[in-house]
Amino acid sequence: MTDVVAPATPVTSRRTPAIAVLARGLFGGFALGVAARAWMRLISDDPEFTWGGTLFIVLGVTFFATMQSVVAVVRIRARRRWVRGVVRGLGIAAMLPLFMAAGGIMFPTVIGGGLAHARTGWNRWVRALLLVIALAPVVLVTTMIQGDFGWTLHTLAGVLSMIGVYSVIVWATQFSFAPRPAVGDDLS
């Protein structure tokens with residue numbers, strides 16, 4: 001059977017030091033936050049710089065990615081199922097900063113795309129529907145960018161940057177959205 005999207009990719013195992021996974025989440029999240037802020041500046045028809053907005057975007061994405069790395073470590077190492085459940089819930093709650101202000105339009109992309117990517121055991125038609133839901137905001141934002149700038153290299157750069165940023169965000173949600181492993185399972 002052909003999958004609609006690739007299965008979730010493990011980035012940790014019992015042999016990977018937790019500090020390494022957490023550092024990847026922290027520094028990767030910071031880099032992704034900077035990229036997200038640069039993308040927002042690129043697609044704005046009135047690009048203005050504010051420290052408050054920039055800090056909120058960069059710190060929000062850094063917090064999200066760091067929490068996803070915490071979930072990745074706990075999924076492998078926690079022995080108690082309830083601990084994994086609580087931490088997965090915190091990982092899902094950590095997605096909220098991504099949806100503040102203008103980021104709210106991408107809620108279906110992150111949730112729908114994240115579930116379609118992480119839940120490989122779900123019916124492929126359900127996952128395909130989730131992907132359609134996930135793509136709707138991407139098409140809408142692409143149309144909005146094109147409306148502001150026409151079909152130019154600027155528009156192409158904005159659309160490709162959006163796809164890059166949100167692909168990484170959707171990929172990172174797999175740690176919170178993937179089915180719970182059995183106690184002692186090694187995801188490597």
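Since the model is a prediction, treat every value here as computed from it, not as a measurement.
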Separation between [atom1] of [X] and [atom2] of [Y], rounded to the nearest 0.5 Å:
X      : Y      : atom1 : atom2 : answer
Phe63  : Gln68  : CZ    : CD    : 9.5 Å
Leu156 : Phe149 : CG    : CZ    : 13.0 Å
Ile105 : Met144 : CD1   : CE    : 5.0 Å
Phe177 : Ile111 : CZ    : CD1   : 4.0 Å
Thr62  : Leu26  : OG1   : CG    : 6.5 Å
Leu32  : Phe27  : CG    : CZ    : 15.0 Å

May I ask whether [X] and [Y] are part of the same hydrophobic cluster, defined by side-chain heavy atoms of I, L, V, M, F, W, Y residues being less than 4.5 angstrom apart, directly or through others?
X      : Y      : value
Leu22  : Val83  : yes
Val159 : Ile169 : yes
Met106 : Val34  : no
Val110 : Ile92  : yes
Phe175 : Leu130 : no

Identify the two heavy atoms, one from [X] and one from [Y], that lie closest to each other, and give their separation to 0.1 Å.
X      : Y      : answer
Val73  : Ala18  : CG1-CB, 3.8 Å
Pro97  : Ala93  : CD-O, 4.1 Å
Ser176 : Val71  : OG-CG2, 3.8 Å
Phe64  : Ala94  : CB-O, 3.7 Å
Gly25  : Ala65  : O-CB, 3.4 Å
Gly114 : Thr173 : CA-OG1, 3.1 Å

- Message: Quick check: do Thr155 and Thr152 have side-chain heavy atoms less than 4.5 Å from each other?
- Response: yes
- Message: For a 4.5 angstrom cut-off between non-hydrogen side-chain atoms, does Leu131 reach His117?
- Response: no
- Task: Before giving the answer on side chain to side chain contact (heavy atoms under 4.5 Å, CB included), spell out for Ile57 and Met100 the whole-Å C-alpha distance, their side-chain angles and the decisive distance to 0.1 Å.
- Result: CA-CA 9 Å; Ile57 292 165; Met100 296 296 155; over 6 Å; no
Donor-acceptor contact present, side-chain [X] to main-chain [Y], <3.5 Å:
X      : Y      : answer
Arg88  : Ala178 : yes
Ser44  : Met40  : no
Arg127 : Arg119 : yes

- State whether the number of non-hydrogen atoms from other residues, nucleotides or ligands found under 6.0 Å of Phe107 atom CZ is greater than 12. no
- Message: Using side chain to side chain contact (heavy atoms under 4.5 Å, CB included), reason through Met162 and Val141 one step at a time and then give a plain yes or no.
- Response: CA-CA 9 Å; Met162 171 182 58; Val141 172; 3.5 Å; yes
